[in-house]
Amino acid sequence: MNKTEAQRRLEELYEQIETHNYHYFVLDQPLISDQEYDALMQELIKLEEQYPELKQSNSPSERVGGEPLPYFEKVQHEIPMLSLGNAFSEPELRDFDRRVRQGLGPAEDVEYVCELKIDGLAVSLRYENGQFVRGATRGDGTTGEDITQNLKTIRSIPLRLKEPVDLEVRGEAYMPKAEFERINELRAEQGLELFANPRNSAAGSLRQLNPKIAAERKLDIFLYGIAQIKGIEVESHSDGLAVLERLGLKTNRERAVVHTVEEMLDFIQHWTENRAKLPYEIDGIVIKVNRYDQQQKLGTTAKSPRWAIAYKFPAEEAVTILTGIEVNV
Ligand SMILES: CC(C)(CNC(=O)c1ccc(Oc2ccccc2)cc1)c1ccc2c(N)nc(N)nc2n1
């Protein structure tokens, strides 16, 4: 194959492999078998070795992890990565709702989006003209670490969006429960110290300077907040999530738009009872005012939005012991 044919074949492979990543890891509906997928990746890696000058910066071959970094660059978040205030009880949720309605004034109707709070690592992804250019940890909300190389190994993060937009999006990188079990079994066999929980395992994987380690671990991501978007008008958080899905980004579908605290409490009750069935760990439920104009009106404190709150589940052990005592009585 000559250089021109190699160039054309490489573009074909970029397109095909990223399409398969989207169907397999975002839609969870693979079009080809793992073996066929691996064959495409092997062909890509071989061609790029033959013609290194033809390799593009956002090639899918970067998903297997390149050379280790000496350190992580610091990243300044132009738009702060806010943290969420917590609520631990129904009265505290009612207080949140009251504060929101007071802040918006009596004439305003308000609707909320209820979402799962994934127990992972908060990250920010930046896309320029549709290309994934940088990924960073939250850090202290203003300064994080550049972990782009490691995030490229997460197959559900598209290297290129379906539209050439500029976007800064926030989400939670996490390790599915099954992957956590698999890795700890491996570590037990190797006599290594076990990870305490999926969250620590995900954080540990993404803080590795050697991206090949992150690539060995099947991490995943759910995106949940648009900090900045150019070229597309969005009026509400639920519209924003639909735009992210249209662009090829992965969001968590277990969400609902509600209008009252009672509906909020129903959503929380449902997931309190059913979270054990989820393939990933959650540590709470996030409630957000849906309309962006109302979010703007409520604003943020230095650290947290006034238009969102996280209801945290009681710690697992406490519930188990209490349940045990009630059963004995
Ligand atoms: C709401 C937000 C804090 C994200 N949003 C932002 O980071 C964010 C940041 C600036 C924004 O706009 C501003 C622009 C300039 C100044 C201030 C805010 C808007 C959203 C958040 C944080 C953690 C979440 C979590 N663990 N799970 C879910 N499901 N959702 C979550 N949502």
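Atoms considered below: every heavy atom in the structure, side chains included; atoms not considered: hydrogens, waters and symmetry mates. Numbering of ligands and ligand atoms starts at 1, following listing order.
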The protein heavy atom nearest to atom 17 (C) of ligand 1 is Thr300 CG2, 4.2 Å
For atom 32 (N) of ligand 1, grab the closest protein heavy atom and report residue, atom and distance to one decimal in Å. Lys288 NZ, 3.2 Å
Looking only at protein heavy atoms, what sits closest to atom 16 (C) of ligand 1 is Pro80 CD, 4.3 Å
Side chain, backbone, both or neither: which part of Gln295 has a heavy atom under 4.0 Å from ligand 1? neither
Minimum-distance protein heavy atom relative to atom 3 (C) of ligand 1: Leu82 O, 3.6 Å
For ligand 1, does Tyr292 get within less than 4.0 Å through its side chain, its backbone, both, or neither, judged by non-hydrogen atoms? neither
Partners meeting ring pair (Phe, Tyr, Trp, His ring centres under 6.0 Å) with Tyr280 (sequence neighbours left out): Tyr174, Phe222
Could you check atom 19 (C) of ligand 1 against the protein and tell me its nearest heavy-atom contact, residue, atom and distance included? Ile226 O, 4.0 Å
Salt bridge present between Arg8 and Glu12 (N-O < 4.0 angstrom): yes
Return yes when Asn252 approaches ligand 1 closer than 4.0 angstrom through a heavy atom, no otherwise. no
Run through Gln228, His77, Arg126 and flag the one making a side-chain hydrogen bond (donor to acceptor under 3.5 Å, both in side chains) with Glu168. Arg126
So, do Ile232 and Arg246 sit near enough that their side-chain heavy atoms are less than 4.5 Å apart? yes
Between the side chains of Glu216 and Lys212, is the shortest nitrogen-to-carboxylate-oxygen separation below 4.0 Å, so that they form an ion pair? no
Which residue owns the protein heavy atom closest to atom 4 (C) of ligand 1, what's the atom, and how far is it? Tyr224 CE1, 3.9 Å
Under 3.5 Å, N or O to N or O, is Glu115 touching ligand 1 that way? yes
Do Ile268 and Ile287 touch side chain to side chain, with heavy atoms closer than 4.5 Å? yes
Verdict with reasoning, Glu18 to Arg63, per salt bridge (charged side-chain N to carboxylate O under 4.0 Å, His left out): CA-CA 11 Å; Glu18 281 307 289; Arg63 290 186 179 288; 2.9 Å; yes
Atom 13 (C) of ligand 1: closest protein heavy atom, distance to 0.1 Å, is Ile79 CG2, 4.0 Å
